[in-house]
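So you know, we letter chains A, B, ... as the sequences are listed, proteins then strands, and number each from 1. What you see is a predicted model, and the numbers here were worked out from it, not measured in a lab.
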Amino acid sequence: VSEQVLVTLVLLALWLGALLQVTPIMAWVERRGSALIQDRPGPNRVGPWGLFQALADAAKFIFKESMIPAAADRPLYLLAPVLALVPALTTFVVIPLGPTVEIGGVPRTLVVSDAETGVLLLLALASLGVYSLVMAGYGSNSKWSLLGSVRASAQMISYELALTLAVVAVLLPAGSMRLSAVVEYQRAHVWNVLPQAIGFLVYLIAIFAETNRLPFDLSEAESELVAGYHTEYGGMRFALFFMGEYMSMATLSSLGATLYLGGWSLPGVDLTGLPWWGAAVVGLLTLAAKASLFMVFFVWVRWSFPRFRYDQLMRLGWKVLLPLALFNLLLVATLTVAGVLWATPPTLRPPSPRRWRRRRNRER
Amino acid sequence: MELAVFLLFAALTLGSATVVVLHRNPIYSVMSMVLTLVSLAVLFVLLGAPFIAALQVLLYTGAILVLFLFVIMLLNVQRESSAGWTNAGQVTGAALAALVFAGIVGWLSWGAYGGRAAPALSEEAVALRPLAELLFSVYLLPFEIIGLLLLVAVVAATVVARRPEPPLPGGEQVAAPEGEP
């Protein structure tokens, strides 16, 4: 049992170590990427290629005087930035980092928690992220903040539907909510990005809205709302929102890589020969490489597209993405039942009502 | 360990549920309700029903309570300013509600611990696959009826919320100048 606990702890340490690196690295990628796109040098004075700029920023955040607006609702104002990190630091637990291996004679999948509810748990925890924005907006007691957080909550619950429907379509052929099963399915057959190209597109667009990134950053639109829900925050409290945004991007990117791009696996690479910690490290690096494709795409899009108007955003979510996701779900369900997608039959064998009633009576 | 977790979250559930009722500021009431439902989800996990727990967090805290908050923030509901127990109707209503609640709890406890023990929740009732099998066989008709009912409710809400003259789509058309007959 203790060895199982050790595996869990090591996996947790690997994940947290990787996630905490995301923010400084992405801050650098974002600045240099925007500079590249806008044909200017970007920050290049602190360290080689400006790599240590993030450290200077961190020092500034920590030493900045901490101010609380006089009219703020103090408990909500102070709690909001902390809650911003909760979804970012909890959702990764169901994303696998490697194959199922034998540890102490017991099969163990290299994932922090191989819960049966799997991806549903991830979506549930991620849906709590909106409370941080709402508390920040209300607690700051400022019109800009309030408008920003009202926009954010409407936007997030609208796009969550399309996102969830796209994810459900991935689970159908795999026949399980466990992400390890989704990866095994892709290893055995084909990466989901090919048969589910429509679902992949919906997922890709929806995660921009879920993380409030441009072109969907209506909740912090600089030209209208100063900085939206975090207008009244400075120093380390602002840094927590900043970290939360980048870490949410990272976990949603990892989920996207797991659902559509084969997760920790690479075709032709077999990790079963390695010791479990080696497999986990290689798996993490592979997953990080795939997730960074999403991250670079985030930056690329941010500096290439103008911001949507609010009615355009809502129309895209409800009238385009939701029907597309429903169509994709119907298509994948049909293909799964038709046996085109190598689903593992029989997926569902309903008991006849009479048999169930008999069983229930016997138990009584 | 399990007992400690249960006690902690049971206390959190009860404490935050009390705050929901007693707090004067509706925003704080909703936030306490979020805490109540999340703590309740932990209790579901302890009972061996992680699926119900995930659904509880996803649907109630992730969607329904966000709408509560949304409405409160949009309508700008102010801190409740009632001076306390002055309204006779209020007192009667509260007493009745308390009586009904006590009756339900007493009845349930009697059923569970009084005469004979109620059967424990079986794996069949709470795990993912058996639940799905039940839902799509024995309870298929009620399931479909509920789906239809919700659809009707959505359509009705849309009709009620619709203004007589919808606003201009996307602002592409030119609005008629105001003040004209």
Side-chain angles (χ1 to χ4, degrees), chain A residues 73 75-76 79-80 83 86-87 94 113 115-131 133-135 137-139 146-147 149-154 156-158 160-161 164 175-178 309 311-312 315 347-357 359-360 363-364, chain B residues 25-28 30-31 34-35 37-38 41 44-45 48-74 76 79 118-120 122 124-141 167-172:
Chain A
D73 191 323
L76 292 182
L79 198 56
L83 282 185
V86 168
V94 294
S113 158
E116 191 196 14
T117 38
V119 73
L120 198 64
L121 186 67
L122 187 153
L123 292 171
L125 289 170
S127 71
L128 294 180
V130 69
Y131 285 106
L133 310 189
V134 170
M135 285 166 91
Y138 183 82
L146 188 67
L147 280 175
S149 69
V150 167
R151 281 183 181 186
S153 41
M156 283 172 91
I157 51 182
S158 300
E160 224 163 56
L161 289 175
T164 309
S176 169
M177 285 202 189
R178 285 194 176 92
R309 254 194 354 246
D311 59 316
Q312 294 171 329
R315 197 184 313 164
T347 46
L348 193 67
R349 196 169 49 81
S352 72
R354 198 174 300 157
R355 194 155 58 91
W356 166 255
R357 233 171 266 132
R359 196 162 52 186
R360 198 174 49 180
E363 272 163 15
R364 282 186 174 172
Chain B
N25 187 336
I27 292 273
Y28 276 85
V30 176
M31 287 300 173
V34 172
L35 190 59
L37 292 177
V38 171
F44 278 134
V45 172
F51 179 60
I52 311 276
L55 278 190
Q56 160 115 344
V57 174
L58 189 66
L59 296 180
Y60 279 91
T61 60
I64 294 177
L65 285 183
V66 177
L67 286 179
F68 279 25
L69 266 187
F70 200 66
V71 170
I72 289 175
M73 279 165 58
L74 273 185
N76 200 12
R79 165 181 281 269
S122 59
E124 264 164 347
V126 289
L128 200 55
R129 188 169 286 264
L131 204 68
E133 286 181 354
L134 274 183
L135 205 57
F136 287 99
S137 59
V138 185
Y139 300 111
L140 183 60
L141 188 64
L168 296 171
E172 285 142 14

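- Looking at A:A154, the atoms closer than 4.5 Å to chain B (heavy atoms on both sides) sit in the backbone and in the side chain alike.
- Within the model, atoms CG of B:L69 and CE of A:M135 stand 9.5 Å from one another, a figure rounded to the nearest 0.5 Å.
- Rounding to the nearest 0.5 Å places CG of B:L55 at 11.0 Å from CG of A:L121.
- If you measure heavy-atom distances from A:M156 to chain B, you find no contacts under 4.5 Å at all.
- Put simply, of A:V130, A:L76, A:L125, the one with the most heavy-atom pairs under 4.5 Å next to chain B is A:L76.
- At most 12 non-hydrogen atoms from other residues, nucleotides or ligands lie less than 6.0 angstrom from OH of B:Y60.
- For A:L123, the parts lying near chain B are the backbone and the side chain together; criterion is any non-hydrogen pair under 4.5 Å.
- Minimum interatomic distance between A:A124 and B:A54 (heavy atoms only, all atoms of both residues): CB-O, 3.7 Å.
- Ranking B:L65, B:V30, B:L140 against chain A, the residue ahead of the rest is B:L65, based on heavy-atom pairs under 4.5 Å.
- A donor-acceptor pair under 3.5 Å links the side-chain atoms of A:Y131 to the main chain of B:T61, judged by distance alone.
- Contact annotation for A:T117: only side-chain heavy atoms (C-beta onward) come within less than 4.5 Å of a heavy atom of chain B.
- Nearest heavy atom pair, residue B:G62 against residue A:S127, reads CA-OG, 3.4 Å.
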